[in-house]
Structures are given as C-alpha cells and as structure tokens.
Amino acid sequence: MWNLFFSLVLSASYGSTLRYKSVERIKAVGKHSLIGASGEFSDFQEILRYLDELTLSDHMWDDGNSLGPKEVHSYLTRVMYNRRNKFDPLWNSLVLGGVKKGPKGEEKYLGMVNMIGTHFEENHIATGFGNHLAIPILRAEWCEDMTFEEAVKLVEKCLLVLLYRDRSSINKFQIAKITTEGATIYPPYSLKTHWGFAAFENPSKGAVGSW
Amino acid sequence: MLTHYTHSLTSGPRRNTHLLLCWLAFFSCSILEPKKNTATKPEEHADREPKPYAHSDPKIAREIQAEEDEDEASRMFRNQYDTDVTTWSPAGRLFQVEYAMEAVKQGSACVGLRSRTHAVLAAANKAASELSSHQRKVFRVADHAGVALAGLTADGRVLSRFLRSECINHAFVYDAPLPVSRLALRLADKAQVCTQRSWKRPYGVGLLVAGLDESGAHLYYNCPSGNYFEYQAFAIGSRSQAAKTFLERRFEGYNDYTPDQLIRDALSAIKETLQGEKLTSSNCTVAIVGRKDDGTVEPFEMIDNKRIQEIIESMEAVEEAPVAAAESSSMQEDKGTDAAPMDI
C-alpha cells in the first residue's frame with residue numbers, strides 16, 4: 001500500500017518580503033497525482049490551468065484510461081523545456097507524485113521538473129533550500145517501507161531544520177498524501193520550536209558601541 | 001438527356017465547362033470504349049478482385065445475392081448526385097462516400113478478433129500475379145497497436161503512416177502508449193474531413209485497428225465514411241460475409257479465449273473467405289498483440305510463417321479426426337488435395 005508525501009510551507013513572497021501566509025502550493029491532478037510547486041506563483045497558477053484542461057479532456061473520454069503521474073510528469077517536462085527554449089520560462093520547480101494501479105500492481109511515482117526542463121524521478125525530492133538541508137536527512141533516514149507516522153516524523157524533522165535555517169520560511173506547514181484511494185491534503189499546522197537559548201537572551205549584551 | 005445538358009450550357013461559364021466535360025466523357029465512353037472483355041486483368045487492379053462467384057454454402061450465397069440486389073435497386077438513381085462528395089442525394093445520402101465503401105468490399109479479406117487481453121488480426125494475401133509478392137495488408141502502428149486494411153492499399157499506407165506518427169507524438173509528450181479508442185477517433189476524424197471538402201475524396205480503405213491499452217485489448221473498424229465502432233470480432237473485404245457468419249456463431253466466448261484459440265479462429269475465418277482454396281501460410285498473414293497474465297506486454301507482431309503452418313496443420317488434424325471416426329474406413333492419407341468435404 002503505497003503512500004506518497006508532500007509537505008510545504010504555506011507562503012508566497014513578494015520579492016524578499018514574505019507577503020502571503022496562507023497560500024496552498026499543492027494541488028491534486030486527476031485521480032492519481034499531486035503537484036507541488038515553488039517559484040513564481042502566477043506561473044504555477046498557469047500550469048494548473050493547463051493541467052485542468054488536460055485532466056478534463058482525459059476525464060471526458062470516459063474510456064477506462066486515465067492519466068497517471070508518469071504521463072503528467074512527462075507532459076509538464078515537455079511544457080517546461082519548450083518554454084525554456086523560447087527564452088520564456090515558467091519560473092517554477094515542480095514536484096509531481098502519485099500512485100496508480102497498473103497491470104503489474106500498484107506503481108508509485110515521484111519526480112520533479114524545473115524551469116530549465118531538468119527532470120528526474122527519485123524516492124525523495126526537494127526544491128530550493130530543501131535540496132541543501134532536507135535531502136541529506138532524507139537520504140540518511142528514508143527507507144522503502146516506512147509507516148505513515150514514521151514518514152510524517154521524518155518530514156517534520158526536515159521542515160524544522162528548514163524553519164530554523166531558511167530565513168524565508170514561516171512556521172505554517174501543510175502535508176499532503178496520495179494513495180490509490182486518492183489524494184488527501186491536510187489542513188495547515190505549526191511545529192513546536194524552541195528559541196530559549198541562552199545566547200538569544202539579551203542579544204546586545206556583548207555588543208560594543210552601537211546604539 | 002442531351003437537351004438537358006445543352007440547356008445548362010447557357011447558365012454560367014464554370015457550370016458550362018463542368019457539364020461539357022461530363023457530356024464529353026459520357027460521349028467518349030459510349031463510342032470510344034473498346035469491346036468489353038469479361039476477364040479483368042489482375043495486374044491493373046492489384047488491390048481489387050473479380051466479383052465473387054456463388055458461394056458453395058447456399059445460405060451464404062443467398063445472403064450475398066440479397067445484398068447485391070439491394071445495391072442494384074438503389075444504384076438506378078445514383079448517377080445524378082454522385083459527382084462529388086459534397087452533393088447530397090434527395091434521399092439524404094452521399095454517394096461518393098458509399099462508393100468509397102464499395103472499394104473496401106473489393107479488397108481481399110481481413111479479419112480481426114479480440115479477447116480481454118489479446119487482439120488478433122489476420123488477412124488473406126492476394127498477389128497481383130504469380131511473379132509478384134503479395135500485397136501487404138497488416139501494419140504495425142506502435143508496439144501496442146496495429147492495423148489490417150482492405151481496399152485501396154495506397155490510401156491504407158498513407159493512413160498507417162498517419163497513425164504511426166500520432167502514436168509517436170503521444171508517446172513523446174506523455175511517455176505512454178496512445179489508448180486505442182483515441183487512436184481510432186483521430187483516424188475517424190481524418191476520414192470525415194475528406195467527406196466534407198469538395199476538393200478531396202474519401203479514403204478508399206477500411207481499417208481494422210487492433211491494440212492494447214490499460215483497459216484491455218480493443219478492436220475497432222474505421223470506414224471511409226469517418227464512422228468507427230468497437231467490435232469483439234469483425235471481417236472486411238471481399239467474401240467477408242462468410243467470415244462474419246463464422247464469427248457470429250462463436251464470438252460470445254471470445255473474451256475468455258487464449259491467444260492460441262484466437263489465432264485458430266482467425267485462421268478459420270480467413271479460410272471461410274478463401275472458398276475452397278487451400279489455406280496455407282503463404283496466403284495469409286496473422287498478427288497478435290496482448291498482455292500476458294503476469295502483466296508483461298507482448299508487442300504487436302506478425303506471426304512467422306512456420307508457426308502459422310504448424311497451426312494450420314494442427315487445425316486440419318482436428319477437423320479430420322471426427323470424420324475418420326464417423327466413417328469406419330481407413331484414415332485419409334493425403335490431407336493436401338482432397339479438402340472439399342471439410343471446407344464449408
């Protein structure tokens with residue numbers, strides 16, 4: 001029984017200002033996939049429109065075939081790479097995951113594609129700072145047959161590191177899960193943080209000659 | 001009739017030339033045509049055959065005759081409205097499209113059948129002459145799909161190329177095989193365009209599209225009219241009625257047939273269309289596509305001659321065994337020449 005996890009921070013920035021604090025950057029695509037994005041939010045909205053058209057016409061066929069995560073990922077790769085070649089990229093890093101029942105059993109899929117069209121499939125994907133801070137943790141501690149709770153714990157560990165160390169993140173997260181039964185996007189929540197370090201009290205104690 | 005034409009000669013330059021040409025053609029046809037010879041030269045019509053003679057099974061012969069009589073009756077009024085495809089007849093028919101479907105009936109027979117997991121196409125090979133190779137009628141369109149065609153094979157070749165390119169384009173964008181129903185629809189839309197443009201003519205070829213996708217094995221028949229239907233089993237081309245009758249008796253069990261059983265039935269159906277001629281691996285082509293029980297895909301592939309010959313021989317052995325048991329006389333030694341009692 002395959003679960004696939006997505007987690008992200010609910011924020012969208014205006015330059016370096018973190019302006020919007022309730023922005024959901026994850027969406028379900030068709031019956032079998034989830035897409036998450038970082039980067040330019042308006043471009044993500046445009047991508048969602050393309051995917052809407054795609055899933056709608058696929059649904060209207062009503063012929064027993066449906067777009068799986070691999071097909072959606074391939075489609076997005078073509079779109080992103082094509083835009084890059086026209087020097088008009090969609091400025092996003094997209095994470096695409098899903099689970100689909102195939103003739104050989106359940107097939108899980110997780111992949112990413114970025115603004116220049118680089119795409120690959122892996123067991124753990126991250127964007128932005130996650131690549132530097134979260135991937136090492138995931139590589140060390142991920143294993144094939146984790147339970148739901150273990151996976152949530154692992155993901156929260158990564159999010160906590162990112163919260164402490166990435167200056168552009170806020171303490172408001174969202175987790176999404178996809179299985180053969182469908183996608184579930186959980187409501188936003190916060191992690192418990194600890195700021196009671198001695199060095200944080202009286203921060204200007206040792207400062208010399210400043211006002 | 002002549003006065004009708006001369007009257008129209010006065011109504012505008014374009015109509016003028018059009019009808020004048022018609023008149024000239026009509027005139028030259030009736031006066032300049034050489035003495036009709038009854039035997040059609042096969043080299044000139046490599047993709048057509050002489051009209052079928054009476055089928056040895058009287059029931060089937062009656063069906064064929066009834067069909068032809070019907071056609072004959074409706075043919076009487078065709079000539080006025082059949083000049084181009086964009087002209088309707090008063091009865092609401094497009095005769096050019098119907099003529100195109102006649103072209104399909106002239107081609108040599110093709111048969112398709114499917115189970116839940118496999119689809120088989122078979123075609124009767126006809127050579128233009130003893131010196132030439134036989135006409136190729138079964139084409140692979142993608143790993144998961146192929147077509148068998150009957151009619152104007154040049155049109156069929158062009159359409160196969162179109163189908164191949166559609167499959168490739170889909171695979172490039174989606175990294176997945178194009179579902180067969182969507183492939184059949186694209187072909188049908190392309191055929192429909194030719195029925196609604198005055199500068200085009202309908203494709204003169206019928207295609208049996210067989211393939212595999214995630215919802216199982218499928219078989220579609222696309223006609224020149226732009227219509228398409230899904231079938232459990234179907235036959236097209238000349239003498240296909242015999243094959244269809246054979247398939248009608250047996251199709252209900254096809255969903256659970258093994259691939260081997262499907263191939264046998266396909267060969268039997270082709271045999272029906274050969275009408276007395278012996279079925280060998282050199283006068284038929286068989287192709288199969290499907291998914292094995294463990295989920296692996298068997299891509300669309302022609303079955304090689306040796307295997308077809310083996311299957312044909314084993315089919316003949318099965319047919320002869322009950323006959324030999326019924327007659328208490330000795331077993332027939334020469335299976336080859338005296339095949340008449342076995343052939344329906």
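Predicted model, so just to flag it, every value in this text is computed and none were measured. In the text below, chain A, chain B and the rest are named by the order of the sequence lines, each starting its count at 1.
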Open item on the list: If you define the side chain from C-beta out and look only at heavy atoms, does anything of B/T296 sit under 4.5 Å from A/K104?
Closed with: yes

Open item on the list: Let me confirm one number: the NE2-CG distance from B/H218 to A/N65, rounded to the nearest 0.5 Å.
Closed with: 6.0 Å

- [ ] Tell me, yes or no, whether the heavy-atom count around A/Y14 atom OH, taken from other residues, nucleotides or ligands under 6.0 Å, exceeds 12.
- [x] no

Open item on the list: If you count heavy atoms of other groups shown closer than 6.0 angstrom to NZ of A/K157, is the number above 12?
Closed with: no

Task: Inter-residue atom distance B/Y174.OH - A/D58.CG, 0.5 Å rounding - done: 8.5 Å

Task: Whether over 12 other heavy atoms sit under 6.0 Å from B/R197 CZ - done: yes

Open item on the list: With a 6.0 Å cut-off (strictly less than), is the heavy-atom count around CZ of A/R165, excluding the residue itself, greater than 12?
Closed with: no

Task: For B/F172 against A/S74, the heavy-atom pair lying closest together - done: O-OG, 3.9 Å

Task: Residue selection (most heavy-atom pairs with chain A, distance under 4.5 Å) from B/L185, B/V297, B/D294 - done: B/L185

Open item on the list: Around atom CG of B/D293, are there more than 12 heavy atoms from other residues, nucleotides or ligands closer than 6.0 Å?
Closed with: no

Open item on the list: Treating A/K70 as the side-chain partner and B/A176 as the backbone partner, does any N or O pair qualify as donor plus acceptor under 3.5 Å?
Closed with: no

Task: Which atoms of A/L67 approach chain B - backbone, side chain, both or neither, heavy atom under 4.5 Å - done: side chain

Task: Part of A/T77 within contact of chain B (heavy atom distance under 4.5 Å) - done: neither

Open item on the list: I'd like to check B/D175 versus A/H73 (side-chain heavy atoms, cut-off strictly below 4.5 Å). Are they in contact?
Closed with: no

Open item on the list: Just checking B/Y231: does its OH atom have more than 12 heavy atoms from other residues, nucleotides or ligands closer to it than 6.0 angstrom?
Closed with: yes

- [ ] May I ask you to list the residues in residues 204-216 of chain B that approach chain A closer than 4.5 angstrom, counting heavy atoms only, ordered by number?
- [x] B/D213, B/E214, B/S215

- [ ] Quick one: list whatever passes side-chain hydrogen bond (donor to acceptor under 3.5 Å, both in side chains) with B/R140, sequence neighbours left out.
- [x] none

Open item on the list: Less than 4.5 Å to any heavy atom of chain B: does that hold for the side chain of A/K100, its backbone, both, or neither?
Closed with: side chain

